[in-house]
Amino acid sequence: MLAYDKLAWPVQKWIRSQGWADLRDIQTQAIHAIKDSHDDVLIAASTAAGKTEAAFLPLISEVYETEKEGEGFDLLYIAPLKALISDQASRLEAICQEAEIPVVPWHGDISSSVKIRARKHPSGILMITPESLEAMFMRNGGDIPRLFHSVRAAILDEVHTMLDSERGIQLQSLLSRLEIAIQRPIRRVGISATLGDMKQACRYLQPDNPENVQILKSDRGSPELRLQLRGYVRGDKDAAEKNISQHLFMHLRGSNNLIFAGSRQNVEIYADKLRRLCEKQNLPQEFYPHHASLSRDHRFALERRLKQSQLPTTAICTSTLELGVDIGDVNCVAQIGAPFSVASLRQRLGRSGRRAGQAAILRQYVIEDELDSQSNFSSQLRLGLIRSIAMIDLLLEKWCEPAHSDALHLSTLVHQILSVIVEKGGIDKRRLYFILCKRGSFRQISTAVFSDLLRAMACSESQLIEHADNGLLLLGAQGESLVSHYSFYAVFQTPEEYRIVSDSKTLGTLPINNMIAPEMMLIFSGRRWLVKEVDDQRKTIVVIPSNAGKPPKFGGDIGNIHDIVAERMFSILEQPDYQPIYLDSIAANFLQEARSNFAQIFANARIVEMGDHYWIVATCCGTIKTTTLAFALRNQGYHVEIYDGFLEVKGNDKISPLPDFLREIADGNPCNLMISDANLNREKFHPYLTEKLLEMDALSSRVDEKSLPAIAQSILSDRAIVKA
DNA sequence: GACCTGCTGCGGTCTG
């Protein structure tokens with residue numbers, strides 16, 4: 001039977017009205033998989049391959065063909081963005097109109113009257129955010145079975161954003177709570193364009209039976225890729241930025257494009273330069289900035305202008321335009337500076353070349369320092385360029401990062417405990433453990449850790465929960481106050497601002513979303529500082545001006561470079577014969593310099609003594625493992641700076657030479673990995689945990705203790721060969 | 001050496 005024939009007639013009618021010549025490959029696959037089995041399904045296909053329709057055409061057909069008893073929603077669609085929900089809702093409405101199936105978008109911008117009506121007569125497709133679903137559990141917990149008993153499937157869009165993120169764990173927990181509430185399993189349908197590890201996504205969708213998830217893949221329709229990587233020397237003042245802007249202006253003007261500038265500040269810098277170039281030539285404006293600090297109206301107007309395609313438009317943006325809502329086809333994607341992950345590079349590139357016969361175009365710009373005798377070794381190795389090449393090559397090989405997935409997520413567990421207590425109005429400890437840990441998304445949590453956590457939540461400083469005489473867990477005073485505010489539903493932290501103080505003067509504020517500890521360097525207000533003290537109570541960081549000479553390498557969040565990317569960077573540095581064809585002459589020259597400097601500095605070794613008590617170490621690992629080693633060294637008294645796959649280490653007379661200490665680590669001697677005075681309060685509910693629980697959480701997510709001896713061994717081996 | 005995401009219920013005022 002043809003896939004088309006398996007669809008209900010109103011759906012067939014809609015397809016005919018679209019004038020489609022054929023169903024796409026992924027849609028055919030999905031129709032067969034969904035209609036012929038009850039399996040969970042993972043739909044993985046490139047952007048604009050018709051994934052949403054692939055999931056919904058057969059599911060809407062099923063809803064249409066099935067006689068339902070009583071009221072209740074038929075399908076549950078969950079997406080990470082409000083804009084995505086609104087966008088998809090209007091597309092689905094057209095399909096559902098003929099079948100008379102209601103489409104109900106439900107998020108913070110939807111009026112309460114619509115929600116009240118839908119709650120009164122639930123039916124059709126509920127399209128909701130994780131946070132709004134959380135709110136439903138907490139405000140109308142008793143109503144959950146009536147609303148959801150008839151749900152046929154849960155469709156999770158952009159599922160890659162959920163894997164092992166706080167929101168993802170929250171959503172997984174909500175889905176398992178939903179299944180417990182309606183006393184039966186719910187079929188899962190995941191949708192994504194950017195999955196590094198299909199098996200991991202299957203485990204996310206169905207932790208009990210990952211092998212029963214049908215994986216549907218389609219590469220068809222991935223366009224030809226044209227790419228160029230251009231190198232620029234930093235030069236005086238903003239010479240490089242000026243030259244890049246001029247190049248962008250020349251090549252992008254007159255069409256729709258996206259420029260990913262890397263940070264909000266860079267977005268403003270390039271938007272300003274491009275705007276002035278338009279003004280200078282008396283041309284109408286077509287370059288506009290887009291990032292999260294700009295007003296909603298401004299962002300929305302720009303998105304609409306891009307989508308309507310009437311006027312040529314280029315958005316200079318941060319990751320705001322990387323995901324989700326359809327902004328139409330884009331001629332070219334420019335990336336300034338090395339991206340942070342291959343996954344996000346792939347997602348960005350997916351915005352270009354979506355029309356048949358059109359190529360996707362990537363323009364990568366890299367700025368490197370001018371070298372002199374004082375140059376830092378990271379400049380000498382051209383690490384920005386090397387990382388860009390590594391990422392582009394991995395992109396071409398269709399690889400992207402899998403998520404890190406051993407984290408305990410204790411902050412999110414605190415959130416879910418409070419939410420279940422509210423939903424049930426009080427609950428027995430064993431039942432709570434069953435719902436959240438045994439059956440839910442917190443399966444790594446032992447009963448002992450769970451008890452510790454409950455104790456921390458009940459203690460006099462926290463007062464999140466309390467034990468009633470009948471053994472039930474209830475909300476405590478602080479818990480009551482937290483859950484009564486609407487800011488509770490989101491599980492992720494909006495970064496806190498710490499005041500930066502030097503010489504008892506406030507320099508300004510800095511969002512803290514990384515571990516800041518004494519002896520770390522940070523850049524602030526264009527100057528270099530050394531952190532002397534971190535006061536979590538007063539939210540202040542006391543700094544003093546740091547020594548000139550070495551550029552500080554800490555400021556902002558450290559991006560998580562994956563091990564595979566770091567390994568590829570070393571193989572690019574070590575293989576003189578490999579010459580990517582997409583480099584311009586300056587970039588090719590940078591690469592040559594990088595290789596000759598690498599050979600000169602390291603000369604086949606992995607650890608190099610640069611002077612008295614001063615070493616450079618090539619860890620050849622990604623950020624987590626490199627950071628793990630850095631913590632072990634810092635706790636031993638070394639001063640350590642972290643780079644991509646490298647450490648710069650300074651010792652002193654009182655501690656042993658670095659190779660000796662590495663030998664101890666290689667022999668498996670235990671190391672102290674935690675910095676007791678580091679800021680471990682990173683997530684929303686961390687302030688309610690004990691020191692011990694915080695350390696456990698950080699160890700599970702931020703470092704990789706197990707790999708430490710192996711890293712030390714490979715560094716110490718005479719000639720450690722990096723695999724290509 | 002970074003970015004992004006989300007939010008209820010109720011009471012007040014205004015409009016037709």
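Letters go in sequence order (proteins before strands), and every chain restarts at 1.
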For nucleotides 10-16 of chain B, which of its nitrogen or oxygen atoms have a protein nitrogen or oxygen under 3.5 Å away, and what is each distance?
none

Can you see if the side chain of [X] gets near the phosphate of [N] - specifically, an N or O under 4.0 Å from OP1 or OP2?
{"X": "A:S344", "N": "B:dA2", "answer": "no"}
{"X": "A:K684", "N": "B:dG6", "answer": "no"}
{"X": "A:S487", "N": "B:dC7", "answer": "no"}
{"X": "A:T129", "N": "B:dC7", "answer": "yes"}

Nearest to the A:K82 side chain among B:dT5, B:dC7, B:dA2, which nucleotide is it?
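Per side-chain heavy atoms of A:K82, the pick is B:dC7.
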In terms of side-chain geometry, is the basic nitrogen of A:K51 or A:E158 positioned less than 4.0 Å from the acidic oxygen of its partner?
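No, no charged N to carboxylate O under 4.0 Å.
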Ion pair A:K650/A:E641, N-O distance below 4.0 Å:
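No.
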Output, in order, the C-alpha distance, side-chain angles, deciding distance and verdict of salt bridge (charged side-chain N to carboxylate O under 4.0 Å, His left out) for A:E401 and A:R346.
CA-CA 11 Å; A:E401 292 85 358; A:R346 187 201 278 195; over 6 Å; no
Over all atoms of both residues, closest heavy-atom pair of A:W106 and A:A118:
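A:W106 and A:A118 have their closest heavy atoms at CZ3-CB, 4.1 Å.
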Do you know the tightest heavy-atom contact between A:T626 and A:I642?
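Looking at all heavy atoms of both residues, the shortest contact is CG2-CG2, 3.9 Å.
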Given the rule that a pair is Watson-Crick or G-U wobble with both distances under 3.5 Å, how would you write DNA chain B in dot-bracket, using | for pairs to a different strand?
................
Is it the case that A:R139 and A:Y489 place a side-chain donor and acceptor less than 3.5 Å from each other?
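Present: a donor and an acceptor within the cut-off.
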Answer yes or no on whether A:R305 is positioned over the face of A:Y288, meaning its NZ or CZ is under 6.0 Å from the six-membered ring centre and within 45° of the axis.
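Not satisfied by the 6.0 Å and 45° rule.
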